[in-house]
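In what follows, chains carry the letters A, B, and so on, assigned in the order in which the sequence lines appear, proteins first and then strands, with residues in each chain numbered from 1. Just the heavy atoms: all of them, side chains too, but no hydrogens, waters or symmetry mates, feed the values below. Keep in mind it's a predicted model, so treat the numbers as computed, not measured.
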Amino acid sequence: MTIRVYNTVKRKKEEFIPVSGNKVGIYACGPTVYDYFHIGNARIFIVFDVIRRYLRWRGYDVTFVQNFTDIDDKMIKRANELGITVPELADRYIRAYFEDVEALGVEPADVHPKATEHITEMIELIQALTEKGMAYDVDGDVYFHTPAFKAYGELTNQPLDELISGARVDVDERKKHPLDFVLWKKQKPGEPAWDSPWGKGRPGWHIECSVMSTKYLGDTLDIHAGGPDLIFPHHENEKAQSEGATGKQFAKYWMHAGYLNINQEKMSKSLGNFMTVRDIRQKIAPEVVRFFMLSAHYRNPINYSADLLQQAQSGLERLNNVVYNLRDVLDKLPEEDGVSNDAAERLAALDAFRDRFIEVMDDDFNTADGLAVLFDIARETNTYLKNANPSRTVVAKTLAFFEDVGSVLGFFAPKEDDALDARVNEMIEKRQAARKAKDWATADAIRDELQEMGIILEDTPQGIRWRKK
RNA sequence: GGCGACAUAGCCAAGUGGUAAGGCAGAGGACUGCAAAUCCUUUAUUCCCCGGUUCAAAUCCGGGUGUCGCCUCCA
């Protein structure tokens with residue numbers, strides 16, 4: 001069984017075969033660091049974090065590159081508003097990016113290149129395009145000439161003239177073709193600028209990604225990923241620049257996630273209907289946001305609402321509970337193996353679940369189905385844990401299974417907090433004493449107090465258990 | 001105008017030819033001092049509508065309806 005991936009450029013699922021053996025290079029367009037990112041952006045980060053983890057888990061040697069756009073119109077405008085320099089602005093929001101993304105369980109990329117650190121390479125690429133007659137200079141601005149690239153429109157699935165007819169923007173008279181786009185922008189007074197053969201200026205948006213992707217991953221990327229609103233013009237333009245310059249295929253697979261909607265409408269900065277991860281983190285565990293994103297297929301649009309997040313939270317709690325219970329039971333189990341007579345059956349079932357997980361994830365990363373597999377194991381595990389004498393091997397292997405699959409989806413990592421543990425244990429002892437004396441009022445008061453501390457206490461047939469909310 | 005996506009129970013959602021996964025919420029039961037957690041049972045004769053192909057369709061084809069998106073910066 002091989003992995004199948006939906007390729008935007010082909011508009012269908014294809015077998016995933018990397019360009020070069022076991023190595024997989026993934027480039028994902030990163031944020032423009034002029035503000036906190038919103039939960040629509042977060043979906044992209046989470047989705048491609050899981051895809052990257054999964055490919056690695058399946059044995060591929062993955063290099064994941066995600067850039068920061070740290071120079072463009074929005075950066076300059078925002079820096080001016082805040083009265084700081086563009087690099088200061090970038091620094092502030094790059095730091096915020098890493099904080100928010102860590103909370104969401106997204107691993108840092110292998111390389112996080114910044115646009116401003118690759119100006120030289122961008123100039124070289126623009127020069128190469130100019131020499132090939134695919135780009136032209138008009139008074140310090142350099143444009144890419146779209147008709148010079150025959151396959152222009154392939155990714156968008158639209159011929160050039162159709163793209164023009166729908167255009168909503170006034171055409172710049174200096175351009176040879178309405179869809180020609182800027183590679184190098186002439187400096188305006190007060191703007192940051194770099195020297196170039198065309199005078200002082202700064203790079204256009206699309207050229208950045210062409211340079212930063214191929215610099216770290218080679219001329220042909222295995223996967224180029226990004227948000228769906230980047231397909232046109234950003235990715236179409238990147239493709240034209242890169243393939244125009246190298247004559248080679250730029251990306252073997254183009255992957256795009258679905259939108260995150262709010263009130264049935266795309267969440268976006270320009271519509272102003274966005275919520276940042278920064279804000280939402282105060283109210284809801286970022287882990288729940290992650291679970292919510294993964295509970296639908298990555299290419300389908302999902303609608304965001306407080307109610308849906310609540311549903312996600314309940315679902316995730318169920319899974320977290322079973323993992324918690326496994327750890328708790330394992331702690332208390334004697335070293336020698338229990339005598340559960342269906343141990344062999346349980347271990348075989350675990351293997352079957354693992355196969356199922358791989359099967360659904362191999363099919364274009366179906367995390368919704370992957371989670372369904374976990375819910376099935378959860379039910380069977382909960383039943384098994386009611387066993388008076390569970391096998392230590394079964395419990396340990398089941399826990400290992402959850403942690404292993406969790407390492408792909410980004411859940412179930414153990415958390416340590418010893419100081420709190422001591423305090424909680426003390427309170428539990430007091431409560432047990434009260435219960436023994438049938439002093440239910442005191443017992444319940446202690447339980448309420450723990451609840452305030454974010455600790456949920458349960459009296460199960462197997463004994464007292466507590467967990468952090 | 002062109003290109004595209006989506007429509008499955010109260011809600012979320014998987015499933016692309018073989019007779020409707022999973023989760024949340026609800027109901028009943030078991031367990032329990034209570035609560036929580038957990039387990040069992042239960043909730044779609046049916047997958048937006050109308051035609052067609054087929055032994056067989058939620059899945060394929062044609063037509064329609066509705067919602068959303070891209071063709072400007074956006075993930």
Side-chain angles (χ1 to χ4, degrees), chain A residues 8 11 13 28-32 37-48 72-74 153 156-170 179 181 205 225-234 236 256-261 263-271 274 291-292 295-297 299-303 305 307-319 321-322 324-325 356 360 363 366-376 378-386 435 438-441 443-444 447-448 451 456-462 465-467:
Chain A
T8 305
R11 288 168 291 281
K13 281 186 208 171
C29 291
T32 301
F37 63 83
H38 61 69
I39 44 186
N41 304 317
R43 182 178 189 192
I44 301 299
F45 302 146
I46 290 167
V47 159
F48 291 106
D72 83 333
D73 291 348
K74 293 189 295 285
T156 318
N157 194 25
Q158 292 266 58
L160 258 184
D161 45 342
E162 282 299 344
L163 283 166
I164 302 167
S165 68
R168 287 174 269 165
V169 179
D170 292 337
L179 283 176
F181 56 90
W205 176 34
D229 40 8
L230 296 185
I231 296 172
F232 190 90
H234 186 52
E236 190 75 56
H256 297 93
Y259 283 114
L260 180 103
N261 295 143
N263 299 132
Q264 307 301 331
E265 207 178 35
K266 166 186 169 183
M267 178 178 290
S268 75
K269 286 260 165 75
S270 43
L271 288 172
F274 62 92
F291 181 88
F292 170 69
S295 63
H297 186 91
R299 282 189 284 111
N300 286 157
I302 53 177
N303 206 37
S305 78
D307 181 51
L308 263 18
L309 262 279
Q310 184 54 52
Q311 286 191 21
Q313 175 156 19
S314 301
L316 177 59
E317 261 172 29
R318 182 177 168 80
L319 257 21
N321 280 345
V322 69
Y324 169 82
N325 286 152
R356 225 178 101 201
V360 299
D363 185 13
N366 194 334
T367 54
D369 265 349
L371 287 171
V373 173
L374 288 185
F375 279 109
D376 284 341
R379 194 192 314 106
E380 292 192 10
T381 301
N382 282 325
T383 301
Y384 184 75
L385 289 179
K386 291 186 170 187
R435 289 183 76 211
K438 296 210 188 294
D439 179 1
W440 307 125
D444 290 353
R447 188 168 60 195
D448 289 347
Q451 172 103 349
I456 292 170
L457 194 68
E458 291 161 6
D459 306 313
T460 75
Q462 286 78 30
R465 284 188 190 148
W466 65 271
R467 63 193 156 88

Consider the side chain of [X], meaning its heavy atoms from C-beta on, and name the nucleotide among [options] that approaches it most closely.
X         : options                : value
Asp307(A) : G33(B), C11(B), U38(B) : C11(B)
Phe375(A) : A36(B), G2(B), G22(B)  : G22(B)
Glu162(A) : C11(B), A36(B), G1(B)  : G1(B)

Roughly, in whole Å, what's the span from [atom1] in [X] to [atom2] in [N]?
X         : N      : atom1 : atom2 : answer
Asp376(A) : C39(B) : CG    : P     : 11 Å
Asn263(A) : G69(B) : CG    : C1'   : 16 Å
Glu265(A) : G69(B) : CD    : C1'   : 11 Å

Looking at [X], does any N or O in its side chain come under 4.0 Å of the phosphate oxygens OP1/OP2 on [N]?
X         : N      : value
Asn382(A) : C39(B) : yes
Lys438(A) : C34(B) : no
Arg447(A) : G33(B) : no
Asn366(A) : A14(B) : no
Asn300(A) : A14(B) : yes
Arg299(A) : C6(B)  : no
Trp466(A) : A36(B) : no

Atom pair CZ (Arg43(A)) and CD1 (Ile39(A)), whose distance is rounded to the nearest 0.5 Å = 11.5 Å
Counting distance only, does the side-chain N/O of Glu458(A) pair as donor-acceptor with the main-chain N or O of Arg465(A) below 3.5 Å?
-> no
Does the side-chain ring of Tyr259(A) sit on the six-membered ring of the G69(B) base, less than 5.5 Å centre to centre and under 30° in tilt?
-> no
Could you identify the nucleotide paired to [N], looking across every strand shown and requiring Watson-Crick or G-U wobble geometry with both distances under 3.5 Å?
N      : value
G4(B)  : C68(B)
U54(B) : none
A30(B) : U38(B)

If we take the P atom in both A44(B) and U32(B), what is their distance in whole Å?
-> 32 Å
Hey, is the side chain of Asp444(A) pairing donor to acceptor with the base of G33(B) inside 3.5 Å?
-> yes
